[in-house]
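This report refers to the structure that appears directly beneath it.
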Amino acid sequence: MPRLSHSLALTPLGRADLARTVSSAYGVLRGARFGEDGLLVLPSEKELRRLELRAEELGLTLDQGERTAHEHGTPDPWEESGRTGEPGSTEREIAAQDLADEAAIEAAEPSLRLLSGEHLAPGSTYLVTEVDPEGRPVFASDGEGWVGTDLTVASWDESGVCAVDFAMREEAGTGGASAEDGGEAPSTTGGVVHDRARETLAVDAELRFPVRSALARWGSHLLRARVRVRLDLPGWFASAAGAATPPPVTLEVEHPLVRARGEASPSPGTDGTWTVTGRLDVHGVGLSRPIVAVAAWALRRSLRRSEQWSLESGAASFQQGWDDLARALPGLPDLLDDVAATFADAGPGDHR
């Protein structure tokens, strides 16, 4: 059974700070207001900029200097590839379109619309999408790719269980419709369940890979995968204190040809840090076992030899992000409380 494992020394997070952050995050959701057209009402540009500066001060977002350095450090994929071609060539046009798409996504802003029901009431539905600075959808209705995600509140009890179902649209107007309903089934569906009393979080999703061909229809079950992620916060802190507990973070992936299970567990570090060990086991199903074993072996060798990405570089990037979060966490609840109050006081003059 192919296995990948890695350990990191991470800065501990304060449990009280996490609890305050969760409480403040719920306050942000409660503070949201929606206009007559269903769009989220936003504070003024001045207030949004003030909140952005507070986030920058906490290190949660890049400041202007860091954004400029990041943009200047992003290589041109055409030049990096060493390819040549006339400006009108198909390959050149594809590269140019890719760059244009990336620029459009960078400039896009999230848009949230309440479609039906009362805000946060069970059964209420929302649409999340991305719009350009003029408010137009980033992806045209006749284009390809993600055009929005439908959200449905399945339950909402902030002292108990809150659950939200989601369905990603690939075509405008599908609204999560299934093929049986005459529409194109969403590419990904699932749900997020937060049990605040038990301090657990669960995410379940079914992924559908949108390949249109006769072969895809014949083997449609091969184009689906089930993913489950679980987080047990009390188990995490018990394990971080040295107790023997089941892995508090688990990942399961099920596909007709492949099964994978990942887990992460913390333990006390020698210098006051958490030593977090992650493991990923992958194995094939039935006749695919030897194929998956060879593919996993080849992937590991490729990652080890890759100059642009490696397990070590990916782990280092994750560790940096975690440390930034650990430094910001004590001040995060106050920022979220400010966000909640600012959005609750927003007037009807702007929306998104």
Note: Trp236 and Pro248 closest approach over all heavy atoms is N-CB, 3.4 Å
Could you tell me whether Glu57 and Arg54 make a salt bridge, using a distance below 4.0 angstrom between a side-chain N and a carboxylate O? no
Is a donor from one side chain sitting under 3.5 angstrom from an acceptor on the other, for Trp156 and Glu158? yes
Does Arg50 have more than 12 heavy atoms from other residues, nucleotides or ligands lying within 6.0 Å of its CZ? yes
Identify the two heavy atoms, one from Pro122 and one from Ser155, that lie closest to each other, and give their separation to 0.1 Å. CG-CA, 4.4 Å
Going by the side-chain contact (heavy atoms from CB on, under 4.5 Å) test, name the single residue among Leu39, Leu40, Leu127 that passes it with Ser111. Leu39
Quick check: is Leu29 connected to Leu114 through a chain of hydrophobic side chains (ILVMFWY, heavy atoms under 4.5 Å apart)? yes
Considering only NZ, NE, NH1 and NH2 on the basic side and carboxylate oxygens on the acidic side, decide whether Asp334 and Arg20 come within less than 4.0 Å. yes
Leu325 and Trp274: same hydrophobic cluster, using ILVMFWY side-chain contacts below 4.5 Å? no
Determine the sole option in Val276, Leu8, Leu13 for which the side-chain contact (heavy atoms from CB on, under 4.5 Å) test with Trp322 is passed. Leu13
Calculate, to the nearest 0.5 Å, the distance between atoms OG1 and CG belonging to Thr273 and Leu10 respectively. 7.5 Å
So, are Arg261 and Asp281 salt-bridged, with charged N and O less than 4.0 Å apart? no
Could you tell me the separation between the CG atom of Leu112 and the OH atom of Tyr126, rounded to the nearest 0.5 Å? 7.5 Å
With rounding to the nearest 0.5 Å, note down the distance linking CG in Asp195 to OG in Ser159. 10.0 Å
Should the pair Arg259-Glu252 be classified as a salt bridge under the 4.0 Å nitrogen-to-oxygen rule? no
For residues Asp323 and Thr11, is any side-chain donor paired with an opposing acceptor at under 3.5 Å? yes
Should Arg224 and Glu254 count as an ion pair when the cut-off is N to O under 4.0 Å? no
Does some side-chain heavy atom of Arg196 sit less than 4.5 Å from a side-chain heavy atom of Tyr26? yes
State, to 0.1 Å, how close Pro268 and Ser239 come at their nearest heavy-atom pair, and which atoms those are. CD-O, 4.0 Å
Give the cluster check for Leu151 versus Leu120: same hydrophobic cluster or not, with ILVMFWY residues linked at side-chain heavy-atom distances below 4.5 Å. yes
In plain terms, say whether Arg230 and Asp204 are close enough for a salt bridge, that is, a side-chain N and a carboxylate O under 4.0 Å apart. yes
How about Thr342 and Asp338: does a side-chain donor come under 3.5 Å of a side-chain acceptor? yes
I'd like to know whether Phe166 forms a side chain to side chain contact (heavy atoms under 4.5 Å, CB included) with Thr189, so could you lay out the CA-CA distance, the side-chain angles of the two residues, the decisive distance to 0.1 Å, and finally the verdict. CA-CA 6 Å; Phe166 58 86; Thr189 60; 5.7 Å; no
Keeping Gln319 on the side-chain end and Ala9 on the backbone end, is there a donor-acceptor pair under 3.5 Å? yes
In one Ile/Leu/Val/Met/Phe/Trp/Tyr side-chain cluster, 4.5 Å: Val193, Val227: no
State the CD-CG distance between Glu56 and Leu60, to the nearest 0.5 angstrom. 10.0 Å
Within-4.5 Å side-chain heavy-atom neighbours: Arg49 and Glu52: yes
Min side-chain heavy-atom separation Arg33-Phe343 under 4.5 Å: no
Do you know the tightest heavy-atom contact between Asp165 and Gly191? OD1-CA, 3.8 Å
Ignoring hydrogens and geometry beyond distance, is a side-chain donor-acceptor pair present between Thr125 and Thr152 at under 3.5 Å? no
Gap separating the CG atom of Leu207 from the CE atom of Met168, nearest 0.5 angstrom: 8.5 Å
With a 4.5 Å limit on heavy-atom distance, are the side chains of Thr21 and Leu336 in contact? yes
Could you report the tightest heavy-atom contact between Glu199 and Pro234, atom names first, then the distance? O-CD, 3.3 Å
For the residue pair Gly269 and Thr275, what are the closest heavy atoms and their distance? CA-OG1, 3.6 Å
Ring centre gap for Phe318 and His6 strictly below 6.0 Å: no
Do Asp232 and Thr200 get their side chains close enough for a donor-acceptor pair, meaning under 3.5 Å? no
Can you tell if the side chain of Leu18 reaches within under 4.5 Å of the side chain of Phe237, non-hydrogen atoms only? yes
Please answer: with hydrophobic residues joined when any side-chain heavy atoms are less than 4.5 Å apart, are Leu233 and Leu329 in the same cluster? yes
Within a strict 4.5 Å, meaning less than it, do heavy atoms of the Val153 and Ser124 side chains meet? yes
Does a side-chain heavy-atom distance below 4.5 Å link Leu335 with Leu58? yes
